[in-house]
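The analysis underlying the following values was restricted to heavy atoms, covering all of them including side chains, and did not include hydrogens, waters or symmetry mates. Quick note on labels: first sequence line is chain A, next is B, and so on, each numbered from 1.
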2 protein chains.
Amino acid sequence: MPRMTPAERREAIIEAALRVMVGKGMAATTVRDVAHDMGTSSGLIHHYFESMDDLLAAAFDRAAGRDLDATRTTMTRGAGPVEQLSIFFATYVRAEQDWAFQLWLDAWAEAARRPAVRETSQRLNVAWQQLLAETIRAGVEHGVMACGDPEAAAWCILSLLDGLALQAVAHRLPLDRRVVITWSVAYAEAELSLPSGSLGCDARQ
Amino acid sequence: MPRMTPAERREAIIEAALRVMVGKGMAATTVRDVAHDMGTSSGLIHHYFESMDDLLAAAFDRAAGRDLDATRTTMTRGAGPVEQLSIFFATYVRAEQDWAFQLWLDAWAEAARRPAVRETSQRLNVAWQQLLAETIRAGVEHGVMACGDPEAAAWCILSLLDGLALQAVAHRLPLDRRVVITWSVAYAEAELSLPSGSLGCDARQ
DNA sequence: GGCGCTGTTGGACAAGCGCACAATAGCCTT
DNA sequence: AAGGCTATTGTGCGCTTGTCCAACAGCGCC
């Protein structure tokens, strides 16, 4: 009933969709759920989004993009590439809450059927890899890291993180978040010829 | 119309479900699709499976279990742990066809909503990790590998494989199957203190 | 202050879903 | 050959989904 500007309304819809997605997963999110969360009618959503695909993609873009931006800006506070990489892992612990990774999982699976979601998750995934690759490249140029192919190293570190998080989230395995980070950090240190412990972020809350 | 023994019929349903799942994804597979694929009525499926959850779980169990068994038996042909590990990677290339990994992806995502699927994917995932861990343990005992914690190493190798395959399948990235294997092999060699190239499986078709 | 534009409503709609159930058809036993 | 058991059928119920659309309401402009 209360009138909003188009921009505000669009924003409100995305936030509502995000809340629902976090609560019950991307695949189970329906137009009616989102409308009910906002306290408005369901028809309103289609006034701002062409299809459910677009809405889910926009909401996922918001969530994942926010995490990416937060990590990126936090990393700039690091003095050099090694500190920045250390911050990357430390932030990753916080960024990848239980629900955040479940969202990524949903997006990957849903990508097979929903073009907009596929485009979005693809774009954001590459952005994460690029963030990592740039840091590694800087480290190599500064002579504080050694790495044959920064692109490949970035893909591998990211994949190990994702793969481990997958095990931790999809099933309840003997891997909690702390272990995921510890093992990933160890791998990154070896891959980049860093002394053991130089990326050591104590994963305390 | 043709009468089958209960065991045969159950088998036929699972195989049909598998075909449909491969064709259009686990989440989009319906009772009617499976029935149509078999050329029978939809009611028949519920005569053999209590719910859709059970059917999907059984079909996934079949597909993933088959791959696991094939890999396990092929590995026994290796003379020692190192050869067996090499065979593991070589077989993984073949086992993880495009559709096979998409199935794993679907299973991980569906696990949040479907108890039977969760149980199955969890069990099979651990089985894969155990296969790897046992081989590594044998290698350590034979003194041909070095590894502080075989369990952890197995989790990491498997996670890197899965993580990389994720990137390759969910989006079409600059990672094809050959690269996935090459990078995983390199990681395994480093992690297990093996000489570079000792796991070298040429990933030719 | 009336008017028109547009955000907003709420329900209709067709399609599709899992599942259940009475009726049918085929095989095995006696 | 008859009877009974069960695999199999086909349909239909209840529900949910995304999308659409005619009616309504509130805001800004002449």
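Taking the nucleotide of DNA chain D with the nearest heavy atom to each of B:Ser42 and B:Pro6, the more 5' of the two is matched to B:Pro6.
One interatomic measurement links the two molecules: CE of B:Met52 to P of C:dA20, which rounds to 14 Å at whole-angstrom precision. When rounded to the nearest whole Å, the span between CZ of A:Arg9 and C1' of D:dC27 equals 14 Å. When the C1' atom of D:dG18 is taken as reference, atom CD of A:Glu110 falls 14 Å away, rounded to whole Å. Distance A:Ile45 CD1 to D:dC21 C1': 16 Å, rounded to the nearest Å. When rounded to the nearest whole Å, the span between CE of A:Met4 and C1' of D:dG26 equals 15 Å. Look at CG on A:Leu44: it is 14 Å from C1' on D:dG26, rounded to the nearest Å. Between A:Glu8 atom CD and D:dC27 atom P the separation is 13 Å, expressed in whole Å. If you take CG of B:Leu56 and C1' of C:dC17, they are 13 Å apart, rounded to a whole angstrom.
For B:His46, the side-chain atoms get nearest to C:dC19 when compared with the rest of D:dT8, C:dC19, D:dT19. Here the nucleotide nearest the side chain of B:Thr30, chosen from D:dT9, C:dG10, C:dC17, is C:dC17.
Of the possible polar contacts, none joining the A:Asp61 side chain to the A:Thr120 backbone as a donor-acceptor pair under 3.5 Å is found.
For B:His47, no side-chain nitrogen or oxygen approaches OP1 or OP2 of D:dT8 to under 4.0 Å. Using a 4.0 Å cut-off, no side-chain N or O of B:Tyr48 falls inside it from OP1 or OP2 of D:dA7. A:Thr40 has no side-chain polar atom (N or O) that falls below the 4.0 Å cut-off from OP1 or OP2 of C:dT8.
Using modelled atom types, one finds a donor on one side chain and an acceptor on the other under 3.5 Å when comparing A:Gln102 with A:Asp106.
Contacts of B:Phe49 with the nucleic acid, taken as non-hydrogen atoms under 4.0 Å apart, are absent. If you check every strand for non-hydrogen atoms under 4.0 Å, A:Thr29 touches sugar and phosphate atoms only. A:Ser51 comes within 4.0 angstrom of the backbone, heavy atoms only, and of no base.
Salt-bridge formation is not detected for the pair A:Glu15/A:Arg19: no Lys NZ or Arg NE/NH1/NH2 atom is positioned less than 4.0 Å from an Asp or Glu carboxylate oxygen. Between B:Arg62 and B:Glu11, at least one side-chain nitrogen of the basic residue sits less than 4.0 Å from a carboxylate oxygen of the acidic one, meeting the salt-bridge criterion. A salt bridge is defined here as a Lys NZ or Arg NE, NH1 or NH2 lying under 4.0 Å from an Asp or Glu carboxylate O, and A:Arg137 with A:Glu141 fails to meet this definition.
With hydrogens and angles left out, the side chain of B:Arg32 and the base of C:dG16 share no donor-acceptor pair within 3.5 Å.
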